[in-house]
Amino acid sequence: MGNFKYLLAALVAFGLVVYQKTSIDIVKPETMPMDVCWGSDSGRTKDRSNAKEVRPFVINVTSEVLADLKNRLSNAKPIVKPLRSVNFEYGFNGDHLAKIIDHWSNRYDWTARQAYLNSLPQFKTNIFGLDLHFIHAKPPAQTTARTIPLLLLHGWPGSVVEFYKIIPMLTTPVPGLNFVFEVVAPSLPGYGFSDAAARPGMGPAQMGQMFVKLMGRLGHEKFYIQGGDWGAVITEAISKLFPHRVYGMHSNMCSSISSLTLNDYVRLLLGTYWPSIIVSNENEKSRTYPLSKMFFGFLEESGYMHLQMTKPDTAGVALNDSPVGLAAYILEKFSTWTSKDYKNLPDGGLSKFNTDELLDNVMVYWITGSMTTSMRLYSEYASNKYRALPHLMAKVKVPAACAVFPNEMPIALALKTLLIRKFEKLIRVTEMEAGGHFAAFEQPRLLADDIWMTVYEMESIRINSV
């Protein structure tokens with residue numbers, strides 16, 4: 001009965017990961033015309049002399065938007081009290097949510113936070129009919145180190161706000177290294193200040209093609225890529241579809257799920273009794289076994305995924321209308337995805353973060369009204385047509401590196417024996433000391449150091465092979 005439970009959990013979990021849904025009008029990245037337009041029903045871009053302009057952008061929220069937010073926060077219905085002795089086990093604890101909303105309403109200073117968010121140089125440019133927002137941070141003008149372009153990609157329910165601490169760590173020269181990064185960090189289409197697609201089909205691969213074009217427009221024919229969450233999925237897609245444009249990739253959410261074979265599933269089950277046939281170290285063993293804990297933990301935390309794969313527009317109505325609901329929905333992920341144990345704490349572990357910084361990310365979703373359009377990415381990824389794209393089952397042939405954070409969701413199955421088969425040029429797999437899903441936000445120094453060392457190794461190999 002015990003093994004049957006493991007197998008049933010595995011099948012259900014895997015079914016959720018590859019959930020199928022009917023969609024229409026998908027443009028395959030392998031054949032996507034260079035004049036395609038995602039921003040209109042015409043299907044083609046219009047001739048515009050300024051279509052390729054790169055325009056400076058500054059966040060400037062109107063007083064009317066802020067007054068409306070203040071009014072909604074002040075007049076929100078009372079939050080339902082949590083059950084006795086319950087913390088985050090039933091979802092966001094109402095008592096702690098009330099504290100966050102009180103801070104947002106009475107102490108959060110948007111003027112100061114907006115100035116902080118404008119401290120990094122931001123731009124917009126039109127690509128495939130959409131205005132794409134991005135941070136473009138360069139090293140100090142006086143640096144003599146060689147500049148290397150790095151495309152930095154976020155996920156859901158994050159935003160470029162996650163990168164405000166790590167970007168300066170990447171654009172500041174490191175003693176002993178002869179290179180430094182020029183960072184390009186775009187908001188994904190439909191997220192934050194980037195336009196959303198007006199028609200179906202904007203999946204990770206299509207976003208990847210937009211970012212490749214963005215890098216070319218900025219003068220970078222080849223570059224490194226780094227990503228987590230959806231950013232990791234897009235990083236992998238770019239590496240498969242445009243390998244000639246990529247020096248190497250780094251991911252803080254490497255996953256072997258898409259490349260698992262029947263033999264791998266058998267090894268996972270047998271590993272319950274003989275772990276060494278599939279895991280390489282104690283960290284991998286503790287993340288993977290017992291299988292029941294891993295799979296049922298995923299089922300408990302993946303309800304949002306099923307909803308967003310099927311009915312993103314329905315859920316989006318409520319979240320775009322209620323700032324309190326939006327904060328609860330987003331910040332719950334910063335609790336449970338940071339550590340599964342945080343659900344047993346009264347504050348969900350959120351007190352470890354700066355509340356203003358958490359609310360900065362919520363504000364980006366609120367002021368842009370982008371929750372619905374951000375959630376559609378799940379639906380596009382789960383569509384039958386997207387799941388049939390050949391690159392999904394292909395191997396990654398560019399140099400790759402994986403940073404495995406101990407509190408990342410174990411369902412990714414970031415096991416070295418499996419990753420080596422998927423990433424043909426796997427340079428390194430680093431077992432990180434601390435941190436979870438939002439690595440750049442939680443542990444910017446650890447992630448930055450691993451990016452530096454990864455690119456150092458990749459550059460040494462690349463230069464010596466020339």
Side-chain angles (χ1 to χ4, degrees), residues 29 132-135 137 148-167 169-170 181-192 194 202-212 214-215 220 223-243 245-258 333 337 361 374 377-378 381 391-392 396 398-405 408-409 412 414 419 422-423 426-430 432 435-444 446-448 450-452 454-455 458:
L132 191 66
H133 164 263
F134 61 98
I135 294 170
I148 293 178
L150 174 66
L151 178 64
L152 196 57
L153 300 175
H154 70 83
W156 183 95
S159 67
V160 292
V161 169
E162 297 176 65
F163 300 142
Y164 270 69
K165 289 182 179 178
I166 196 173
I167 286 176
M169 297 176 183
L170 297 171
F181 295 106
E182 174 182 334
V183 177
V184 179
S187 295
L188 305 188
Y191 287 67
S194 284
M202 177 59 74
Q206 289 79 9
M207 290 184 179
Q209 185 165 349
M210 291 187 70
F211 298 146
V212 168
L214 169 65
M215 294 302 281
H220 303 305
F223 48 88
Y224 284 94
I225 329 173
Q226 199 287 327
D229 194 83
W230 281 120
V233 179
I234 299 169
T235 291
E236 187 178 307
I238 293 175
S239 299
K240 291 177 178 180
L241 294 167
F242 306 96
R245 301 292 300 275
V246 178
Y247 287 128
M249 61 155 283
H250 181 283
S251 171
N252 58 278
M253 200 187 78
C254 286
S255 172
S256 64
I257 287 291
S258 63
K333 304 309 178 191
W337 293 359
N361 183 60
S374 72
L377 181 53
Y378 287 82
Y381 182 73
H391 80 271
L392 290 177
V396 176
V398 306
C402 302
V404 184
F405 285 82
E408 178 60 277
M409 291 176 282
L419 296 175
K422 179 178 181 179
F423 300 94
L426 188 61
I427 303 300
R428 56 190 275 145
V429 177
T430 310
M432 307 301 287
H437 187 71
F438 302 97
F441 188 72
E442 298 174 49
Q443 299 289 342
L446 290 179
L447 181 60
D450 200 64
I451 295 171
W452 278 105
T454 292
V455 174
M458 290 182 179

Does [X] use its side chain to pair, donor to acceptor, with the backbone of [Y] at less than 3.5 Å?
X    : Y    : answer
S194 : S187 : yes
Q206 : G203 : yes
K422 : I257 : no
T430 : M432 : no
H437 : D229 : no
E442 : G435 : no

Are any of the side-chain heavy atoms of [X] and [Y] separated by less than 4.5 Å?
X    : Y    : result
Q226 : N252 : yes
F438 : P157 : yes
I451 : Y224 : no
H133 : Y191 : no
I238 : R245 : no
T454 : I427 : no
L153 : M207 : no
D450 : H250 : yes

Please report the C-alpha distance between M215 and V184 in whole Å, then the side-chain angles of each, then the deciding distance to 0.1 Å, and finally whether the side-chain contact (heavy atoms from CB on, under 4.5 Å) criterion is met. CA-CA 8 Å; M215 294 302 281; V184 179; 3.8 Å; yes
Quick one, V398 with I225, criterion side-chain contact (heavy atoms from CB on, under 4.5 Å). Give me CA distance, side-chain angles, the key distance, then yes/no. CA-CA 11 Å; V398 306; I225 329 173; over 6 Å; no
Kindly give the heavy-atom pair with the smallest separation between [X] and [Y], and that separation in Å.
X    : Y    : value
A237 : A205 : CB-CA, 4.1 Å
F242 : V246 : O-CG2, 3.5 Å
L170 : W452 : O-CZ2, 3.4 Å
I167 : A185 : CD1-CB, 4.3 Å
L392 : K240 : O-NZ, 3.2 Å
A401 : C254 : O-SG, 4.0 Å

State whether the number of non-hydrogen atoms from other residues, nucleotides or ligands found under 6.0 Å of K333 atom NZ is greater than 12. yes
Chi angles and distances behind the side-chain contact (heavy atoms from CB on, under 4.5 Å) call for E182, H220: CA-CA 10 Å; E182 174 182 334; H220 303 305; 2.9 Å; yes
For the atom pair CG (L132) and CZ (F211), what is the distance rounded to the nearest 0.5 Å? 5.5 Å
Output for pair (F405 CZ, M253 CE), nearest 0.5 Å, gives 13.0 Å
Centres of the Y381 and W230 rings: under 6.0 Å?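 Ring-ring flag for Y381/W230: true, centres closer than 6.0 Å.
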From CA spacing to verdict: side-chain contact (heavy atoms from CB on, under 4.5 Å), M458, Y247: CA-CA 8 Å; M458 290 182 179; Y247 287 128; over 6 Å; no
